[in-house]
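Here's the structure, in structure tokens; my notes come after.
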Amino acid sequence: MAYETLIVDIENHVCLIKLNRPDALNALNLQLLGELSTVIKSANSNDKVRVIVITGSDKAFAAGADVKEMSEKSFVDVFVGDLFTDETEELLRCRKPIIAAVAGYALGGGCELAMMCDFIIAADNAKFGQPEINLGIVAGIGGTQRLTRFVGKSKAMDMHLTGRFMSAEEAERAGLVSRVVPVKKLMEETMSAAAKIAEKSMVTVMAVKESVNRSYETTLREGVLFERRLFHALFATEDQKEGMAAFMEKREAQFRDR
Ligand code: DAK
């Protein structure tokens with residue numbers, strides 16, 4: 001299927017989604033978010049896809065929600081229309097790992113989109129920010145909640161209240177991104193991480209994703225119990241037998257997602 005705001009390519013079990021509105025620094029308009037939601041839904045149910053990567057250009061991952069599209073909307077428009085709720089739900093529902101490969105600006109909704117992914121690999125030129133305050137609004141796709149959980153209250157307040165941008169180096173130090181790589185190596189590193197994940201058992205990958213995400217939704221005790229039960233359950237899989245047998249036989253495991 002052809003998209004107007006995305007370039008989508010599925011190869012070697014990785015669905016690579018490139019945000020493609022270069023003239024607007026990949027600002028997230030309703031069309032882009034709608035197309036993204038369609039691709040994620042289809043990748044989630046496509047057996048050929050094991051990992052999803054979302055990226056932008058060297059200049060911008062996404063410079064935020066599309067201000068030009070939003071500017072004339074009224075409270076009733078955004079409230080009754082529930083702006084961005086349906087468009088972002090599919091990302092949160094996706095059970096396959098999603099990596100954000102971020103170069104350049106990841107601002108406002110762009111930063112929030114990256115934070116909705118499972119982890120972020122940043123280029124050394126990446127700039128993260130929640131500058132909505134400069135537009136007289138608050139973040140609307142989870143920025144005040146997720147950034148606070150990732151980097152702590154003090155830095156989250158600083159970012160949201162001043163609207164300043166955070167460098168890739170600061171973002172790594174603060175725990176917002178998993179690693180920083182030279183911009184020219186961003187896609188190579190990201191695709192190599194994706195390939196590594198794609199080799200694992202999908203059953204285990206899904207269990208890991210669900211378990212880590214649960215840590216944001218529950219108490220420590222409940223979260224550890226959830227993890228323990230998943231650990232127990234995985235002993236019912238063929239892939240656990242294969243993984244452990246392969247270790248003892250000093251060979252590569254051949255997982256069959258069973
Ligand atoms: N929206 C629309 N167009 C944008 C844009 C954006 N967010 N960011 C950049 N562009 C456009 C510019 O208007 C310009 O278009 P032309 O003027 O050429 O037509 C083009 O992209 C290139 O931008 P610049 O000329 O400004 O490029 P510079 O390199 O000089 O500056 C910049 C780059 C990223 C520093 C600057 O463009 C900038 O400050 N952009 C805006 C960043 C921003 O404020 N982002 C936050 C947007 S608000 C909600 C859900 C979500 C949200 C809120 C509520 N609900 C569910 C209720 C989220 C809100 C946001 O994300």
Side-chain angles (χ1 to χ4, degrees), residues 3-7 17-38 40 54-94 98 100-117 120 122-151 155-171 176-177 183 186:
Y3 299 96
E4 283 178 31
T5 62
L6 306 175
I7 298 170
I17 304 170
K18 188 169 163 28
L19 310 182
N20 189 36
R21 294 190 69 215
D23 294 344
L25 301 183
N26 292 332
L28 308 170
N29 62 4
L30 279 169
Q31 184 184 5
L32 186 152
L33 287 172
E35 290 185 357
L36 183 61
S37 165
T38 303
I40 299 280
I54 303 179
T55 194
S57 67
D58 282 359
K59 175 148 193 210
F61 177 73
D66 191 316
V67 180
K68 291 169 190 166
E69 186 181 66
M70 276 190 304
S71 62
E72 294 302 319
K73 291 195 187 293
S74 68
F75 165 74
V76 174
D77 293 335
V78 296
F79 179 72
V80 174
D82 209 4
L83 184 68
F84 295 150
T85 301
D86 282 348
E87 290 77 16
T88 51
E89 241 357 80
E90 220 48 72
L91 263 147
L92 303 175
R93 222 176 271 142
C94 180
I98 308 178
V102 175
Y105 297 111
L107 306 176
C111 185
E112 292 168 299
L113 172 62
M115 289 192 290
M116 276 190 279
C117 297
I120 302 172
D124 51 10
N125 73 341
K127 290 182 193 68
F128 298 87
Q130 298 284 169
E132 288 91 339
I133 195 156
N134 299 329
L135 302 168
I137 54 171
V138 64
I141 327 179
T144 60
Q145 305 306 298
R146 290 198 179 87
L147 190 66
T148 309
R149 282 165 167 80
F150 297 161
V151 306
K155 203 176 274 289
M157 282 286 190
D158 178 1
M159 303 297 296
H160 281 285
L161 289 174
T162 66
R164 79 173 173 89
F165 300 165
M166 197 195 286
S167 68
E169 189 198 345
E170 183 181 0
L176 177 60
V177 311
V183 64
L186 178 65

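Numbers here simply count residues along the sequence, with the first being 1. Each ligand, and each atom within it, is numbered from 1 in the order the structure gives. The analysis underlying the following values was restricted to heavy atoms, covering all of them including side chains, and did not include hydrogens, waters or symmetry mates.
Partners of D158 under the salt bridge (charged side-chain N to carboxylate O under 4.0 Å, His left out) rule, at least two apart in sequence or in another chain, are R164. For T148, there are no side-chain hydrogen bond (donor to acceptor under 3.5 Å, both in side chains) partners at least two apart in sequence or on another chain.
The closest non-hydrogen atom to atom 60 (C) of ligand 1, taken over A24, A65, A60, P131, comes from A65. Of the listed options G108, G140, G129, G140 places a heavy atom closest to atom 52 (C) of ligand 1. Across the listed options V67, L33, I141, V67 owns the non-hydrogen atom lying nearest to atom 1 (N) of ligand 1.
Ligand 1 has a nitrogen or oxygen under 3.5 angstrom from a nitrogen or oxygen of K59. Note: no N/O pair closer than 3.5 Å links F84 and ligand 1 by distance alone.
Using a 4.0 Å cutoff on heavy atoms, E69 does not count as a contact of ligand 1.
With hydrogens and angles disregarded, a donor-acceptor distance shorter than 3.5 Å links the side chain of N26 to the backbone of F61. Here the side chain of E90 pairs no donor or acceptor atom with the backbone of I40 at under 3.5 angstrom. With hydrogens and angles ignored, the 3.5 Å screen pairs no side-chain donor or acceptor of E132 with any backbone N or O of I137. Remark: the backbone N or O of L30 is not paired with any side-chain donor or acceptor of E87 at under 3.5 angstrom. For the pair R21 (side chain) and T5 (backbone), a donor-acceptor distance under 3.5 Å is absent. Under a 3.5 Å cut-off, the side chain of K127 and the backbone N or O of G104 do not form any donor-acceptor pair. The main-chain N or O of E4 is found under 3.5 Å from a side-chain atom of E35 such that the two form a donor-acceptor pair. No side-chain donor-acceptor contact under 3.5 Å links Q130 to the backbone of H160.
Ranking protein heavy atoms by distance to atom 27 (O) of ligand 1, first place goes to L25 CD1, 3.9 Å. For atom 42 (C) of ligand 1, the closest non-hydrogen atom on the protein side is A63 O, 3.3 Å. Y105 OH, 4.4 Å is the protein heavy atom nearest to atom 31 (O) of ligand 1. Counting protein heavy atoms only, atom 39 (O) of ligand 1 is closest to L107 CD1, 4.8 Å. The protein non-hydrogen atom at the shortest distance from atom 56 (C) of ligand 1 is L83 O, 2.9 Å. Protein heavy atom nearest atom 48 (S) of ligand 1, with residue, atom name and distance: L135 CD1, 3.4 Å. Scanning the protein heavy atoms around atom 17 (O) of ligand 1, the nearest turns out to be K68 NZ, 3.9 Å.
Proximity of atom 36 (C) of ligand 1 to the protein is not indicated, since no non-hydrogen protein atom lies closer than 4.0 angstrom. For atom 25 (O) of ligand 1, the nearest protein heavy atom lies 4.0 Å away or farther.
Here is the list of ligand 1 atoms found below 4.0 Å of a heavy atom in A27: 1 (N), 2 (C), 6 (C). Taking every heavy atom of E132 and a limit of under 4.0 angstrom, the matching atoms of ligand 1 come to 48 (S), 58 (C), 59 (C), 60 (C), 61 (O). Near G109, with a cut-off below 4.0 Å to any heavy atom, the atoms of ligand 1 are 60 (C), 61 (O).
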inquiry  = Between M115 and L176, is the side chain to side chain contact (heavy atoms under 4.5 Å, CB included) condition met? List the steps.
reply    = CA-CA 8 Å; M115 289 192 290; L176 177 60; 3.8 Å; yes
request  = Would you please test L28 and D66 for side chain to side chain contact (heavy atoms under 4.5 Å, CB included) and show each step?
outcome  = CA-CA 5 Å; L28 308 170; D66 191 316; 6.0 Å; no
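With a heavy-atom cut-off of 4.0 Å, D23 touches ligand 1 through its backbone alone.
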